[in-house]
There are 2 protein chains.
Amino acid sequence: MAKTVSERADLLPLLGEVFRSHGYEGATLALISKATGLGKGSLYHFFPDGKAQMAAEVLAEIDHWFEVNIFAALRKSDDPAQAIADMTAGVDRYFHSGHRVCLVGVIALGASRDIFSSQVQDYFSRWNDALAQTLRRAGFSAGVARRRSADALLTIQGALVLARALDDTKVFGQAMVDMKARLLAR
Amino acid sequence: MAKTVSERADLLPLLGEVFRSHGYEGATLALISKATGLGKGSLYHFFPDGKAQMAAEVLAEIDHWFEVNIFAALRKSDDPAQAIADMTAGVDRYFHSGHRVCLVGVIALGASRDIFSSQVQDYFSRWNDALAQTLRRAGFSAGVARRRSADALLTIQGALVLARALDDTKVFGQAMVDMKARLLAR
DNA sequence: TGGAGACTGTACCGATCGGTACAGCGAGTC
DNA sequence: GACTCGCTGTACCGATCGGTACAGTCTCCA
């Protein structure tokens, strides 16, 4: 049979989009096969444990992207205002200004949360910790820092839900502006 | 066969919990049958159009509950602070302080949004309008009122996602406190 | 007392589910 | 040029999917 040079690295983003738009239970192998252009044979060659492994690896890749592009800068930046501006810009870019949904959030809400609970919890709590560190460095108490960082995370998630529900991405943009202002308000 | 006095009105909340915890695509008829104690025969007697009709009627019932218990008071109350306190208390009660997830939000994020998009959009935009009315009556400009009401809605949705993701309902409680303060802040 | 009709469980339908088995192909290696 | 081995499509598996058909049972009203 044909050989169509499929790199695992090229596969994960495609899988991500399928899970994003159909959820874990809604993402059937037929859908995945069509989205990737790969038959079940290839799919199970790359992911012997099937759908669960695909989703776990997609989550891991997302986690890695945020670790590199968002969390790291939050932890080590010595300019909190800049770090937060960078985070906001990065988030806006990642979620395509509200057109794209958060897979981690989708899974958190679904029944598949049980399977991926530790990955989901880890993602959000590391983000929460990193952002709280930045806020502490900006001079806020530990309590205020943690409260504000949780507020920012939840604002992002809620903005994605509402923007999609109302089919209006302006909601997302406005929420990002508000969030940024609120994080560093005195 | 036996007759087990099943009222349609008693059925909808049970169906709601199934859809809430498994999503639309994850809620199989077997699950629904077990949750309601009704065989397929009875289920299709009450809902000839099957799963889609069940979900649509559950959404309609939720919409009605919010209309009666939340939106109406928001629209006609002449004490904005009290109306908002009542809304917050009602929301906290409805979502069991963050233990329960929002079905409308779950559907908005999933692939089934396409089927129910008008119901989903209607629910949120009527809530948004009602809350903005209250804020206008509290003396805010139309623009501020609409921005703040969208912020409140998104805060509720995001708090539910994050509380579930972190498995920590304190996040939800704190978000409700923050939301209430933010709505009427000068 | 005997329909009528609402409600019920169960057997069954074709389609699709996630997953397995496997033979065929192609690019390297010696 | 034979051998290996990573990758591929496809046929197939049992289980389950949403949905239908239908006979049996109940309540209610004439």
Side-chain angles (χ1 to χ4, degrees), chain A residues 1-59 103 106-107 110-116 119, chain B residues 1-59 103 106-107 110-116 119:
Chain A
M1 303 293 158
K3 188 157 186 171
T4 45
V5 280
S6 293
E7 296 275 341
R8 194 190 194 83
D10 300 330
L11 236 41
L12 291 178
L14 296 173
L15 291 174
E17 292 310 318
V18 181
F19 285 122
R20 243 183 275 273
S21 52
H22 294 90
Y24 180 72
E25 16 272 329
T28 68
L29 286 186
L31 242 22
I32 292 170
S33 184
K34 193 193 285 183
T36 57
L38 256 36
K40 289 188 189 183
S42 308
L43 255 14
Y44 274 83
H45 173 73
F46 287 114
F47 307 97
D49 289 336
K51 224 174 102 166
Q53 184 182 358
M54 296 179 205
E57 291 202 19
V58 168
L59 284 175
L103 177 57
V106 168
I107 287 188
S112 56
R113 185 191 65 146
D114 300 343
I115 316 176
F116 305 109
Q119 276 187 90
Chain B
M1 300 295 155
K3 190 157 185 171
T4 45
V5 279
S6 293
E7 296 276 340
R8 196 189 193 82
D10 301 332
L11 236 41
L12 291 178
L14 296 173
L15 292 174
E17 292 309 319
V18 180
F19 285 123
R20 244 182 274 273
S21 52
H22 294 89
Y24 181 73
E25 18 271 330
T28 67
L29 286 186
L31 243 22
I32 292 170
S33 183
K34 193 195 284 186
T36 57
L38 255 36
K40 290 189 188 183
S42 307
L43 254 13
Y44 273 83
H45 172 74
F46 287 113
F47 307 97
D49 289 336
K51 225 174 103 167
Q53 185 181 358
M54 296 179 205
E57 291 203 17
V58 168
L59 283 175
L103 177 58
V106 168
I107 287 188
S112 56
R113 186 192 65 146
D114 300 343
I115 316 177
F116 305 108
Q119 276 187 91

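In this text, all values refer to a predicted model and were calculated from it rather than measured experimentally. Computation of the quantities below employed the complete heavy-atom set of this structure, encompassing side-chain atoms and omitting hydrogens, waters and symmetry-equivalent molecules. Naming: A, B, ... by sequence-line order, numbering from 1 per chain.
Nucleic acid contact for Gly41(B): base, since at least one base atom lies under 4.0 Å from a heavy atom of the residue.
A heavy-atom distance below 4.0 Å to DNA chain D is reached by none of the residues of residues 14-21 of chain A.
Sorted by first and then second residue, the salt bridge (Lys or Arg N to Asp or Glu O under 4.0 Å) pairs with a member in residues 31-53 of chain B form an empty list; sequence neighbours excluded. Residue pairs that meet the salt bridge (Lys or Arg N to Asp or Glu O under 4.0 Å) test with at least one member in residues 17-26 of chain A, sequence neighbours left out, are Glu17(A)-Arg20(A), Glu17(A)-Arg100(A).
When all heavy atoms of Ser33(B) and Gly39(B) are compared, the closest pair comes out as OG-CA, 3.8 Å.
Going from atom CG of Leu38(B) over to atom P of dG19(D) covers 16 Å, rounded to whole Å. Protein atom CG of Leu43(B) is 10 Å distant from nucleotide atom P of dT8(C), rounded to whole Å. With rounding to whole Å, Tyr44(B) atom OH is found 7 Å from dG18(D) atom P. The separation between Phe46(B) atom CZ and dG19(D) atom C1' is 18 Å, rounded to whole Å.
For the ring-ring contact (aromatic ring centres under 6.0 Å, His included) test, residues two or more places apart in sequence or in another chain that qualify with Phe116(A) are Tyr24(A). For Leu14(B), the side chain to side chain contact (heavy atoms under 4.5 Å, CB included) partners are Thr36(B), not counting sequence neighbours. Every residue meeting the side chain to side chain contact (heavy atoms under 4.5 Å, CB included) condition with Thr28(A), not counting sequence neighbours, appears here in chain and number order: Ala30(A), Leu31(A).
Counting heavy atoms from C-beta on, the side chains of Phe47(B) and Arg8(B) come closer than 4.5 Å. The side-chain heavy atoms of Leu15(A) and Leu12(A), taken from C-beta on, include a pair separated by under 4.5 Å.
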Which atom pairs link the protein and nucleotides 12-17 of chain D when you take only N or O atoms and keep those under 3.5 Å?
{"residue": "dC17(D)", "atom": "OP1", "partner": "Thr28(B)", "partner atom": "OG1", "Å": "3.4"}

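Side-chain proximity of His45(A) to dG19(C), dT8(C), dT8(D): nearest is dT8(D).
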